[in-house]
Structure formats: C-alpha cells, structure tokens
Amino acid sequence: MPITPAQFPEIINRISASINQHADAVTELDQAIGDGDHVYNLQRGIEALQTHSNDIVNLDWPAAWQKIGMTVMAAIGGASGSLYATLFLSLAKNSKDKPVNIDTFTEAFALAVEAVKQRGKADVGEKTMLDVWVPVAQALKQSVASSKTLAEILDTVCSVAENGVENTREMLATKGRASFLGERSKGHIDAGAKTAQLMIAAIADQLQQAAAS
Ligand code: ADP
Ligand code: MG
C-alpha cells in the first residue's frame with residue numbers, strides 16, 4: 001500500500017501522544033543543559049499540524065511537505081522551529097515533480113538533512129538532533145539500497161535512532177544553548193535528539209500498523 005498524506009492525521013496524532021507521554025522526562029533533559037522549552041516548542045508545532053491535518057490529507061507529498069514546513073515555521077519558536085521547517089521545506093523542494101516511492105523519498109530526505117546541517121552550521125558529534133537525523137538518513141539509504149522489506153527498514157532506522165540518542169550522552173555540546181555549558185554538557189542526553197527519535201519511532205509504528213492491516 002503506498003504511503004500517502006491521507007495517513008497524516010494518524011501519524012501526527014501518534015507523534016503527539018508520544019511527545020506528550022515523554023514530556024516530563026524530555027523537559028528534565030532539556031532543563032539540565034538547555035532552557036527547558038523544547039517540548040513546549042514541539043507541542044506548539046504539533047498542535048498547529050493537527051489543526052491543518054484536514055488540508056494536508058488532500059495534498060500530494062511535495063505540497064504536503066511544503067504546508068507542513070510553513071506551518072512548523074509559523075508555530076515553533078527556538079532553534080528547533082527553523083531547523084524542522086528547513087527539513088520539511090527541503091523535502092518539498094527535493095521531491096517536487098518526481099515519482100513518489102521509497103527511493104525518491106530516501107534521496108530527498110538525505111538532501112533535507114544536509115539542508116538542516118547547513119542551516120544550523122552543525123554536524124554529527126555536536127550533541128544535537130543531527131546525531132539522530134544524520135545516521136538515520138544514512139541507514140535509510142543503506143537499507144533501501146539493499147532491498148530490505150519496509151518492516152526491516154523501519155526496524156533498522158528505529159534502532160539507529162536509539163543509538164544516536166545514546167551517543168549524545170558523552171558528547172561535548174558545541175552548538176545551541178547546551179554549548180554555553182562547555183564540559184558540563186557531558187553526561188546528559190540531548191533533548192532534541194531524544195524527541196527526533198520519539199517522532200521516528202511513532203512514524204514507524206504507524207507505518208508498520210498500516211502495512212499489517
Ligand atoms: P532553543 O535551543 O532555541 O531553545 P529548542 O529548545 O526548541 O530551541 O531546541 C533545542 C534543540 O535543538 C537541541 O536540543 C538540539 O537538539 C537542537 N539544536 C540546537 N542548535 C542546533 C543546531 N545548530 N543544529 C542542529 N540542532 C540544533
Ligand atoms: Mg530550548
């Protein structure tokens with residue numbers, strides 16, 4: 001079954017439930033090395049996307065990514081707002097006028113993660129959400145190239161995301177607010193990496209369930 005924006009309301013509701021469920025734990029992480037508003041920022045964005053989900057279901061993927069990016073940009077404050085807006089607007093740009101399939105998505109997604117790196121002037125190893133998004137984009141490329149099933153691809157991506165989160169723990173933060181703490185940023189997981197992983201897991205759960213039904 002092709003994955004279309006018709007599944008968007010279920011996906012965004014699942015993301016919302018997961019972020020809400022882990023809100024206190026993630027806020028604790030963010031209070032340790034950030035300013036504690038990351039979950040609140042994401043929740044604003046998710047609520048705005050839920051409000052617009054009835055429009056999004058009727059769009060094709062490039063137009064849906066564009067709408068999602070614009071909505072996120074308007075609704076989310078903080079570094080994460082402009083970074084997620086960049087991710088979705090770049091997905092829109094790089095999937096325009098192309099057939100929709102796992103290969104074109106994988107290609108567009110890798111370019112979108114590159115755009116986020118440029119936007120934040122950051123890369124893996126700096127204790128940010130990129131420590132999840134970059135290895136996930138690479139794992140997606142590798143598992144699609146080796147013709148794995150959708151279930152296998154999703155499993156791989158989810159475990160790579162979990163490792164990415166754990167890897168941030170001992171990193172020294174060199175970007176974002178956590179970098180102000182220098183050495184004291186070590187020993188804490190990055191909140192933005194954790195929420196990226198939670199969102200990926202929620203999307204994967206929804207896609208696995210849809211594929212099974
Ligand atoms: P702010 O840092 O402006 O308060 P948020 O609290 O919403 O914004 O988001 C913080 C998260 O954003 C961090 O945990 C980190 O994962 C991510 N982040 C911060 N700066 C960058 C950057 N330059 N590149 C990539 N991700 C970043
Ligand atoms: Mg913050």
Side-chain angles (χ1 to χ4, degrees), residues 12 15-16 18-50 68-91 94 108-140 157-158 160-203:
I12 195 68
I15 288 175
S16 172
S18 178
I19 296 295
N20 292 344
Q21 190 191 333
H22 295 89
D24 291 348
V26 177
T27 296
E28 240 172 71
L29 295 175
D30 193 30
Q31 280 167 341
I33 55 170
D35 58 355
D37 65 350
H38 178 60
V39 169
Y40 177 82
N41 288 338
L42 277 194
Q43 284 173 330
R44 295 289 75 73
I46 291 165
E47 277 166 27
L49 288 171
Q50 286 174 313
I68 293 167
M70 297 304 283
T71 305
V72 160
M73 184 147 68
I76 312 188
S80 55
S82 69
L83 295 168
Y84 276 113
T86 300
L87 184 83
F88 293 120
L89 294 175
S90 176
L91 265 176
N94 292 304
F109 183 69
L111 292 169
V113 172
E114 278 303 312
V116 174
K117 278 163 65 170
Q118 282 174 20
R119 172 85 208 187
K121 299 187 174 57
D123 208 334
V124 273
E126 297 197 85
K127 204 180 182 89
T128 72
M129 60 169 83
L130 287 171
D131 290 304
V132 169
W133 290 120
V134 172
V136 159
Q138 283 164 353
L140 186 61
V157 159
C158 285
V160 165
E162 282 169 22
N163 288 338
V165 172
E166 201 43 52
N167 288 342
T168 66
R169 192 186 296 275
E170 293 311 322
M171 285 177 189
L172 177 72
T174 46
K175 289 282 151 44
R177 292 177 199 279
S179 65
F180 306 156
L181 293 178
E183 285 290 327
R184 280 183 294 135
S185 65
K186 285 190 180 171
H188 303 277
I189 280 173
D190 174 62
K194 181 63 194 170
T195 55
Q197 179 264 321
L198 290 172
M199 293 191 280
I200 289 164
I203 295 167

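Hydrogens, waters and symmetry mates play no part in the numbers below; they use all other heavy atoms, side chains included. For ligands, and for the atoms within them, numbers begin at 1 and follow the listed sequence. Positions are given from 1 along the sequence.
Just one of M171, E170, Q197, E166 meets the side-chain contact (heavy atoms from CB on, under 4.5 Å) condition when paired with I189; it is E166.
Residue N41 has at least one nitrogen or oxygen atom sitting less than 3.5 Å from a nitrogen or oxygen atom of ligand 1, judged on distance alone.
Residue, atom and distance of the protein heavy atom nearest to atom 7 (O) of ligand 1 are S80 OG, 2.5 Å. Of the protein's non-hydrogen atoms, the one nearest atom 17 (C) of ligand 1 is M129 CE, 3.9 Å. Of all protein heavy atoms, the one closest to atom 9 (O) of ligand 1 is H38 ND1, 3.2 Å. Protein heavy atom nearest atom 8 (O) of ligand 1, with residue, atom name and distance: A79 N, 3.1 Å. Looking at atom 23 (N) of ligand 1, its nearest protein heavy atom turns out to be G120 O, 2.9 Å. At the shortest separation from atom 20 (N) of ligand 1 among protein heavy atoms lies G176 CA, 3.6 Å. The protein non-hydrogen atom at the shortest distance from atom 6 (O) of ligand 1 is D37 OD1, 3.0 Å.
Only the side chain of D35 comes within 4.0 Å of ligand 1, counting heavy atoms alone; its backbone N, CA, C and O stay farther away. Of the heavy atoms in R177, only side-chain atoms (C-beta onward) come closer than 4.0 Å to ligand 1. Contacts between V116 and ligand 1, counted as non-hydrogen atom pairs separated by less than 4.0 Å, are absent for every part of the residue.
At most 12 non-hydrogen atoms from other residues, nucleotides or ligands lie less than 6.0 angstrom from CZ of R119.
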Going through the distances and angles, do V113 and L87 end up as a side-chain contact (heavy atoms from CB on, under 4.5 Å)? CA-CA 6 Å; V113 172; L87 184 83; 4.1 Å; yes
Would you sort out whether V39 and D30 count as a side-chain contact (heavy atoms from CB on, under 4.5 Å), showing the intermediate values? CA-CA 8 Å; V39 169; D30 193 30; over 6 Å; no
Kindly indicate, with the supporting measurements, whether the criterion side-chain contact (heavy atoms from CB on, under 4.5 Å) is fulfilled by M70 and L89. CA-CA 7 Å; M70 297 304 283; L89 294 175; 3.9 Å; yes
Between Q43 and N20, is a side-chain contact (heavy atoms from CB on, under 4.5 Å) present by the stated rule, with each step listed? CA-CA 8 Å; Q43 284 173 330; N20 292 344; 2.8 Å; yes
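Within the set L83, V132, T174, T86, the minimum heavy-atom distance to atom 26 (N) of ligand 1 is found for L83. For atom 16 (O) of ligand 1, the nearest non-hydrogen atom from the set D190, I189, D123, T195 comes from D190. Considering A122, G34, G81 only, the shortest heavy-atom separation from atom 24 (N) of ligand 1 involves A122.
Around the Mg ion (ligand 2), the protein atoms of type N, O or S found under 2.8 Å away are D35 OD1, D37 OD1, listed by chain and number.
V160 approaches A139 most closely through the heavy-atom pair CG2-CB, 3.8 Å. The minimum heavy-atom distance between G45 and A75, with the atom names listed, is CA-CB, 4.0 Å. Here the closest heavy-atom approach between residue V165 and residue A193 is recorded as CG2-O, 3.5 Å. The shortest heavy-atom contact between I33 and R184 is CG2-O, 4.4 Å. When all heavy atoms are compared, the tightest approach of T86 to V116 is CG2-N, 4.0 Å.
Each of the following atoms of ligand 1 lies closer than 4.0 Å to a heavy atom of T128: 15 (C), 16 (O), 25 (C), 26 (N), 27 (C). For ligand 1, the atoms sitting less than 4.0 Å from at least one non-hydrogen atom of G192 are 14 (O), 16 (O), numbered in the order shown with element in parentheses. When each atom of ligand 1 is checked for a heavy atom of G78 under 4.0 Å away, the hits are 3 (O), 8 (O).
In this structure a side-chain-to-backbone donor-acceptor pair under 3.5 Å is present from E126 to D123. S90 places no side-chain N or O within donor-acceptor distance of the main-chain N or O of A115, the cut-off being under 3.5 Å.
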List the atom pairs, with distances to 0.1 Å, where a side-chain N or O of residues 129-138 and a protein N or O form a donor-acceptor pair under 3.5 Å, not counting sequence neighbours.
residue: D131; atom: OD1; partner: G125; partner atom: N; Å: 2.5
residue: D131; atom: OD2; partner: K127; partner atom: N; Å: 2.9
residue: D131; atom: OD2; partner: T128; partner atom: N; Å: 3.0
residue: W133; atom: NE1; partner: Y84; partner atom: OH; Å: 3.2

